[in-house]
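A short write-up of the structure that comes next.
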Amino acid sequence: MKHISQMHMRELKKGSAELLVLSLVEDRARHGYEIGKLIEARSAGRLRFKVASLYPLLYRLEERGWIKGQWMEKAGERRRRFYRITRAGRQVLAAQKNNWLEFVDAIRHITGIENA
Amino acid sequence: MPDWKTLIAARFPKLQMNPAREKEILDEFSQHLDDRFRELRSEGKSEHEAMRLAIDEIEDPDLEKEMKTLRQSFDSLPIAPGAPSRHLTADIGRDVIYAIRTLCRQPSFALAAILTLALGIGVNTAIFSLVNGMLLRHLPVQNRDRLVYLYTRQNLSVLSYPAYKTLRDNNQSTEKLAAWGLIQASLNAEGETDLVLGAIVTGNFFDALGVRPERGRLLGMDDDLKPGAHPVAVISDRLWRTRFGERTDIVGHEIRLNGQPFTVVGITPPEFPSAQLGVNRDLYVPMMMQALMRPPRAGYSGEMDPDLLNNANNGWLYSLALLKPEGTAAQAAEELSAVATSYAKSRSANARPQQVTLVPIDDGDPASRQQMRSVATLLLAVVGTILVIACANVANLLLSKAVSRRRELAVRLAVGANRWRIVRQLLTESILLSVTGGAAGVALAFAIVEAFKIALPASGVLPIAVEFSIDMRVLIFTFVLSFVTGIVFGLLPALQASNPNVAPTLKDESFVPDERGRRIRLKQSLVVAEIAMTAVLLVAAGLFIRSLLKSQQVDPGVAANELLSAPLNINLLRYTRTQGRDFYKNVIDRVSALPGVVSASVARVAVLTGGGRILTISIEGQQPATDQRLSEARGISAVDRDTASANVVSPEFLKTMGIALVQGRNFTLDDAEGRPRVALVSETFVRRFFPNGDAIGKRFRTPPVDNPEWTEIVGIVRDSKYGSLNEEPQPVVYLPIRQQHETGVTLYVRTSTSPESLIAIVRHEIQQLEPNLPVPDIQTMNQTIAASLYVPRMAAWLIGILGTLAMILTSLGVYGVLSFAISRRTRELGIRMALGADSGKVLRLVIREGMLLLALGLAVGMTGAAFFTMTLSGFLFGVDTHDLTTFVTVPLVLTFVAFAACYLPARRAIGVDPIKAIREV
């Protein structure tokens with residue numbers, strides 16, 4: 001994976017960012033920092049979203065109505081903005097998941113790459 | 001802990017979006033950096049290092065770009081009043097759209113406001129268009145700063161042609177000195193004969209005024225060379241349209257004037273009335289055609305000489321001058337006065353010094369302008385008051401509406417919206433209402449103006465031609481007025497509604513004594529003011545109405561119900577004296593022989609039309625009067641001690657008019673030319689000139705001072721109205737027409753049946769006798785009287801309607817305020833009734849509130865009226881400015897109306913269900 005260049009990584013990130021965020025908020029609402037940390041953790045550090053790319057993405061998804069942000073104050077904590085998926089978001093997530101699976105399948109068939 | 005917000009703000013691009021949203025984003029970013037900072041610290045990084053790495057998160061050139069693409073969509077969030085401005089025009093545009101949306105959500109309120117404003121603005125526009133026509137218009141001439149009329153004393157100077165030439169040729173101050181005379185002519189064209197009003201002008205007339213022809217050419221110096229040699233004419237645009245059907249070959253077209261062929265050489269421009277604003281002339285002919293076009297009108301001064309161009313005894317020309325640029329008007333006046341004086345002295349060594357005054361052409365006739373100014377001021381004051389009342393009503397509506405929006409505005413203020421931005425938004429709503437109302441008002445004004453035009457009397461009744469026009473100036477006036485109106489009635493409610501002390505509102509208490517009390521007091525003051533203004537208007541209306549009624553009750557002193565009048569202008573036919581006399585005799589004989597006719601006669605002066613003739617009287621044996629020229633003009637009454645009004649009549653006059661002979665004898669056919677001169681006089685004449693009552697057989701004479709002819713008084717007649725119904729009793733002298741030939745008379749016919757039924761047959765008889773004589777206007781005396789009362793009637797109608805309008809608006813205002821006050825006190829009233837107050841008590845409580853407003857309003861209003869009406873004395877007849885009947889009736893009427901306006905809300909108050917009211921918040 002070290003051979004993946006910066007540029008390639010950026011392109012792949014762009015294409016998959018929405019899918020990542022939607023799937024992370026599929027089960028429960030999360031705030032922005034948590035989403036960023038989860039992406040970093042679950043990708044073993046390969047994918048990192050800074051403020052400059054994460055929040056504009058969240059706002060764009062919110063505009064499209066795929067997620068909804070809400071300020072919440074949990075007991076003993078500071079006020080945070082939590083994002084949860086909407087019904088439209090679920091539909092988009094399902095479609096995007098399908099697209100990725102098909103895409104990956106196609107790549108595998110052409111190149112002969114096996115799933116690790 | 002670092003101040004993330006400040007650090008972020010320093011690096012974060014200014015997004016300039018909705019402040020609430022921007023604050024949220026800032027908060028979220030701060031949260032993120034804080035979490036990152038804590039994480040880094042927990043990993044063992046130093047505070048400085050952790051901060052640096054945390055800040056690094058937002059030090060990204062892509063951030064601004066990313067946020068910018070989002071900015072567009074943030075902006076399309078619903079606009080909130082109070083958002084900070086970016087571009088003024090875009091903001092105002094948004095304000096307007098927001099205002100439209102808000103008003104569409106409250107259609108009944110918007111409609112009520114717009115209609116009220118339309119009424120107020122509409123009447124202002126209509127009256128302003130009248131003022132525009134009367135006072136603000138100018139003659140469409142060039143070099144108006146150098147154009148002047150020549151006046152002696154109060155009136156346009158009346159010159160003889162030789163005098164005019166002397167003035168013209170002997171002064172250094174004027175570039176051009178022109179003259180004109182007013183004429184009537186019989187115009188025969190396209191197979192019809194009409195009477196047209198025209199002017200006979202010197203060659204430099206149009207040049208001096210700087211008027212350009214619409215078609216062809218205007219008269220010039222080449223048309224002013226030889227008497228009788230220039231049969232050319234210029235017509236007005238109006239005549240070309242109405243009489244010649246806009247024919248394209250009008251230039252060069254031949255017409256007949258007074259029976260002789262003339263060629264039309266040009267048309268004056270549409271906006272050019274004549275040399276005087278308000279005096280419309282349709283025909284212009286050269287001065288050299290005087291013999292044909294301005295035949296002498298035989299009057300007492302003996303204007304019998306057909307050659308007026310060389311006759312220095314008859315003044316009949318008006319004049320104007322184009323001053324040279326280098327001199328002043330004062331210098332010119334002085335020089336012209338000197339020339340005039342030396343000319344007068346050259347003709348008579350005893351002549352007094354002549355004083356010429358130069359009146360700028362834009363000032364017009366000072367006397368009538370002064371009158372128009374006072375009328376205009378009065379009307380504008382009245383309609384201005386109505387607009388103020390309308391504004392007060394709409395302001396009250398807005399104050400009520402503001403209550404229902406208070407939560408919305410309070411929330412916006414709480415999240416930091418700019419107060420002035422909110423005020424601007426609310427003012428935008430007000431201005432939108434008022435401009436819409438103004439547009440509707442213009443439509444209303446058009447309708448009012450059309451109604452007025454239809455109601456205008458035939459020309460000749462009013463001293464000047466009244467022009468209404470809704471032109472660009474009027475439209476601009478309306479727009480500016482609408483705009484200002486919106487600010488006037490909107491500002492206070494906007495300031496009230498945007499008051500930052502909003503905490504109680506957010507807690508949703510409807511019982512906030514201070515703010516509510518202030519709001520109600522404001523509304524009450526507005527209503528008290530409305531009542532006061534309405535009281536003043538109604539008093540004025542009452543006085544005008546009573547004045548009209550008094551005028552209508554005046555006894556004209558003639559048999560008004562049985563009289564017809566027909567003007568006969570035989571001077572157009574250039575009869576000789578004998579022909580003229582015979583014509584009169586024939587007309588009288590033929591008409592008298594008709595079935596239904598009791599008698600007929602002719603008279604020089606048509607009674608009750610405002611016209612007249614004044615003679616200076618020197619009684620034999622009494623102090624001789626000063627040498628004053630007799631003058632024939634509108635509106636002059638014999639107020640000078642030594643003057644009397646005069647009329648020249650046939651012997652049947654007294655019988656025809658129904659005027660009683662009190663003493664002595666009537667005229668007979670023997671009182672003819674060559675016989676001793678005789679006269680009849682009125683009772684007032686006797687009182688003035690013969691205080692001991694003995695007048696029969698006495699003699700008098702009239703100017704010139706050396707006039708050898710004495711006139712003997714042979715009879716005294718009952719006083720009757722001469723010029724107008726409202727005049728004081730006049731001293732009148734009647735002279736026999738057979739001794740004093742006149743070429744312009746009115747035929748009077750006394751009928752035994754209804755006069756209307758004989759109009760057609762009388763016209764027929766006249767035209768049988770003389771087909772070339774145009775007989776424009778045959779009227780009954782009642783029609784003449786009604787026309788003479790046109791102005792007081794219009795005034796009474798106009799001010800009466802406006803006063804009623806004000807009353808309706810005010811009663812709506814009273815109703816509105818009380819309804820509002822009650823709705824706010826529903827809980828209190830419910831409690832009262834639950835505690836046992838009977839409905840009668842609640843009713844009385846409510847009505848008392850309303851009556852208190854009324855009392856205050858009346859106190860202020862009636863006091864104001866007492867002062868205001870003193871300015872109306874010039875307009876009233878037979879009614880005191882503090883007429884008791886009016887001053888008692890108006891408060892009674894207003895009390896009744898206010899009571900009715902109180903009653904409905906009061907009924908609603910007692911209909912309140914106490915339980916429901918207490919539960920209601």
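Nothing here was measured: the structure is a model prediction, and the numbers come from that model. Proteins get letters first, then strands, A, B, ... in listed order; numbering begins at 1 in each.
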Exercise for the section: Show your working on side-chain contact (heavy atoms from CB on, under 4.5 Å) between B/Ile58 and A/Lys50 and close with a plain yes or no. Expected result: CA-CA 8 Å; B/Ile58 60 169; A/Lys50 292 210 308 194; over 6 Å; no

Handout entry: Contact class of A/Leu57 relative to chain B, heavy atoms under 4.5 angstrom
Key = neither

Problem - Contact list for residues 29-39 of chain A, test side-chain hydrogen bond (donor to acceptor under 3.5 Å, both in side chains), sequence neighbours left out - result: A/Arg28-A/Glu34, A/Arg30-A/Glu34, A/Tyr33-B/Glu39, A/Lys37-A/Glu40, A/Lys37-B/Glu39

Handout entry: Test side-chain contact (heavy atoms from CB on, under 4.5 Å) applied to B/Ala439 - qualifying residues, sequence neighbours left out
Key = none

Fill in the blank from the handout: Distance col, row A/Arg80:CZ vs B/Asp27:CG, nearest 0.5 angstrom, shows 12.0 Å

Handout entry: Options B/Arg36, B/Glu24, B/Glu28, ranked by heavy-atom pairs under 4.5 Å with chain A, top entry
Key = B/Glu28

Problem - Whether A/Tyr55 and B/His32 hold their rings parallel, tilted or perpendicular, with breakpoints at 30° and 60° - result: perpendicular

Exercise for the section: Would you indicate whether the side-chain heavy atoms of A/Phe49 and B/Glu57 approach each other to under 4.5 Å? Expected result: no

Fill in the blank from the handout: Looking only at heavy atoms, the pair that brings A/Arg79 and B/Gln31 closest together is O-NE2, 3.1 Å

